[in-house]
Trainee: 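Have a look at this one before I ask anything.
Index from 1, following the sequence. Just so you know, these numbers use all the heavy atoms, side chains as well, and skip hydrogens, waters and symmetry mates.
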Amino acid sequence: MHMPLALSGVAIETARQRFERLLRPEFDHAYQLAGYLLGDAAEAEDAAGEAVARAWSGFDRLRDEERFDPWLTRIVVNVCRDRLRRRRVIPFVPLGDHEPEAADPFASALARDAVGRALRLLGPDQRAVVVLHYWNDRSVAEIARLLGIPSGTVKWRLRAACRRMRPELEREETGR
């Protein structure tokens, strides 16, 4: 780590130090958000890393450090939406009779939760608003600001996502 520059006895923080200071308390949140959006721990690690790299490359454009959390969240969501759009389903074929040694915490959590299982039915845009609203406890207005879309669009996507997931949730509830 670099030592702060000193000017007349006053320490000046470098851009890298400021970035690291702002990132440190937010990184776990970014990783968890990526995990719930993507449903896969390994892919969440990659996405969080990519989001951090994008954030660092654009850090000089961040005007208000108080906005670092929503700014980073927006980058994470955009990275994950891009990955979900590009995603191709690759079936898992077990080699033998044993389970993989390390269980994926996000896949496990989503698989235990009926809504989590129903998330697979949603496209990237709907999935992003559902995860931000229900798992990340963000308000409609906050999600709109994070994603740069109108509040009405967030509400519409939430309603459409709920309509899309409802038959699956009802099917699970009745056991059919």
Side-chain angles (χ1 to χ4, degrees), residues 19-20 22-59 61-62 67-92 99-100 102-169 171-172:
F19 182 77
E20 289 173 353
L22 294 167
L23 177 64
R24 196 170 295 112
E26 302 302 330
F27 185 76
D28 285 344
H29 171 261
Y31 169 67
Q32 289 174 351
L33 177 59
Y36 283 111
L37 284 168
L38 298 170
D40 179 87
E43 196 170 359
E45 284 180 34
D46 290 345
E50 182 180 340
V52 167
R54 284 188 191 181
W56 171 243
S57 71
F59 186 61
R61 294 186 301 272
L62 178 67
R67 304 285 304 145
F68 186 81
D69 170 43
W71 179 71
L72 180 63
T73 298
R74 185 176 188 168
I75 293 170
V76 170
V77 169
N78 286 336
V79 166
C80 292
R81 285 175 25 197
D82 290 346
R83 286 171 175 264
L84 286 167
R85 286 183 182 117
R86 290 191 312 258
R87 183 180 274 178
R88 300 290 180 253
V89 178
I90 301 171
F92 174 74
E99 289 289 316
D104 184 314
F106 298 109
S108 298
L110 291 172
R112 284 190 308 269
D113 183 86
V115 175
R117 287 188 298 275
L119 276 177
R120 73 181 187 285
L121 302 171
L122 304 178
D125 294 334
Q126 288 178 345
R127 188 173 181 139
V129 296
V130 168
V131 168
L132 286 168
H133 190 66
Y134 293 107
W135 273 278
N136 213 236
D137 295 322
R138 304 276 183 159
S139 70
V140 168
E142 214 175 349
I143 295 168
R145 280 192 304 277
L146 283 171
L147 300 181
I149 59 177
S151 292
T153 303
V154 173
K155 290 176 187 176
W156 183 86
R157 287 180 184 172
L158 282 170
R159 280 193 302 272
C162 289
R163 275 194 309 271
R164 178 76 177 106
M165 293 187 313
R166 185 174 293 120
E168 179 73 16
L169 295 172
R171 196 172 12 265
E172 282 203 28

Trainee: Please list, chain by chain and in numerical order, all residues satisfying side chain to side chain donor-acceptor pair (under 3.5 Å) with Arg67, sequence neighbours excluded.
Mentor: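 Side chain to side chain donor-acceptor pair (under 3.5 Å) check on Arg67 returns nothing, list empty.
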Trainee: Where do Glu168 and Arg171 land on the salt bridge (Lys or Arg N to Asp or Glu O under 4.0 Å) test, with the steps shown first?
Mentor: CA-CA 5 Å; Glu168 179 73 16; Arg171 196 172 12 265; 3.2 Å; yes
Trainee: Let me confirm one number: the CZ-CG distance from Phe19 to Leu62, rounded to the nearest 0.5 Å.
Mentor: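 So the CZ of Phe19 and the CG of Leu62 are separated by 9.5 Å.
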Trainee: Report the C-alpha separation of Asn136 and Gln32 in whole Å, then their side-chain angles, then the decisive distance to 0.1 Å, and conclude whether the side-chain contact (heavy atoms from CB on, under 4.5 Å) test is met.
Mentor: CA-CA 9 Å; Asn136 213 236; Gln32 289 174 351; over 6 Å; no
Trainee: Please report the closest heavy-atom contact between Cys80 and Leu37, naming both atoms and the distance.
Mentor: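 Closest pair (atom of Cys80, atom of Leu37, distance): CB-CD1, 3.8 Å.
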Trainee: Out of curiosity, Glu142 CD to Asp137 CG, how far, rounded to the nearest 0.5 Å?
Mentor: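 Here the rounded value is 9.5 Å.
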Trainee: Taking atom OG of Ser139 and atom NE2 of His133, what is their separation to the nearest 0.5 Å?
Mentor: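 Reported value, rounded in 0.5 Å steps: 8.5 Å.
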Trainee: Would a 4.5 Å heavy-atom cut-off, applied to side chains only, mark Glu26 and Thr73 as touching?
Mentor: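 Contact flag for Glu26/Thr73 side chains = no.
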Trainee: Heavy atoms, side chains only, cut-off 4.5 Å: are Phe59 and Phe68 in contact?
Mentor: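 Yes, at least one pair of side-chain atoms sits under 4.5 Å.
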Trainee: Return the CG to CG distance between Leu38 and Leu119, rounded to the nearest 0.5 Å.
Mentor: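 Atom-to-atom, Leu38:CG and Leu119:CG are 11.5 Å apart.
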Trainee: Considering residues at least two apart in sequence or located in another chain, which fulfil the side chain to side chain donor-acceptor pair (under 3.5 Å) criterion with Arg74?
Mentor: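 Not a single residue meets the side chain to side chain donor-acceptor pair (under 3.5 Å) criterion with Arg74.
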Trainee: List the atom pairs, with distances to 0.1 Å, where a side-chain N or O of residues 39-57 and a protein N or O form a donor-acceptor pair under 3.5 Å, not counting sequence neighbours.
Mentor:
{"from": "Asp40", "atom 1": "OD2", "to": "Ala42", "atom 2": "N", "distance (Å)": "3.2"}
{"from": "Asp40", "atom 1": "OD2", "to": "Glu43", "atom 2": "N", "distance (Å)": "2.7"}
{"from": "Glu43", "atom 1": "OE1", "to": "Arg87", "atom 2": "NH2", "distance (Å)": "2.8"}
{"from": "Glu50", "atom 1": "OE1", "to": "Arg83", "atom 2": "NE", "distance (Å)": "3.4"}
{"from": "Glu50", "atom 1": "OE1", "to": "Arg83", "atom 2": "NH2", "distance (Å)": "3.0"}
{"from": "Glu50", "atom 1": "OE2", "to": "Arg54", "atom 2": "NE", "distance (Å)": "3.4"}
{"from": "Glu50", "atom 1": "OE2", "to": "Arg54", "atom 2": "NH2", "distance (Å)": "2.7"}
{"from": "Ser57", "atom 1": "OG", "to": "Arg54", "atom 2": "O", "distance (Å)": "2.9"}

Trainee: Identify the two heavy atoms, one from Lys155 and one from Val140, that lie closest to each other, and give their separation to 0.1 Å.
Mentor: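 Looking at all heavy atoms of both residues, the closest pair is CG-CG1, 3.8 Å.
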Trainee: Could you check Arg24 against Asp69 for salt bridge (Lys or Arg N to Asp or Glu O under 4.0 Å), going step by step and ending with a plain yes or no?
Mentor: CA-CA 11 Å; Arg24 196 170 295 112; Asp69 170 43; over 6 Å; no
Trainee: Could you work out, with side-chain contact (heavy atoms from CB on, under 4.5 Å) as the rule, every residue matching Ala161, not counting sequence neighbours?
Mentor: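 Here the qualifying residues are Leu122, Gln126, Val130.
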Trainee: With sequence neighbours left out, what residues match Leu147 under side-chain contact (heavy atoms from CB on, under 4.5 Å)?
Mentor: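 Result, side-chain contact (heavy atoms from CB on, under 4.5 Å) vs Leu147: Val77, Arg81, Val129, Leu132, Ile143, Ile149.
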Trainee: Can you list the residues that meet the ring-ring contact (aromatic ring centres under 6.0 Å, His included) rule with Phe27, with sequence neighbours excluded?
Mentor: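 ring-ring contact (aromatic ring centres under 6.0 Å, His included) check on Phe27 returns nothing, list empty.
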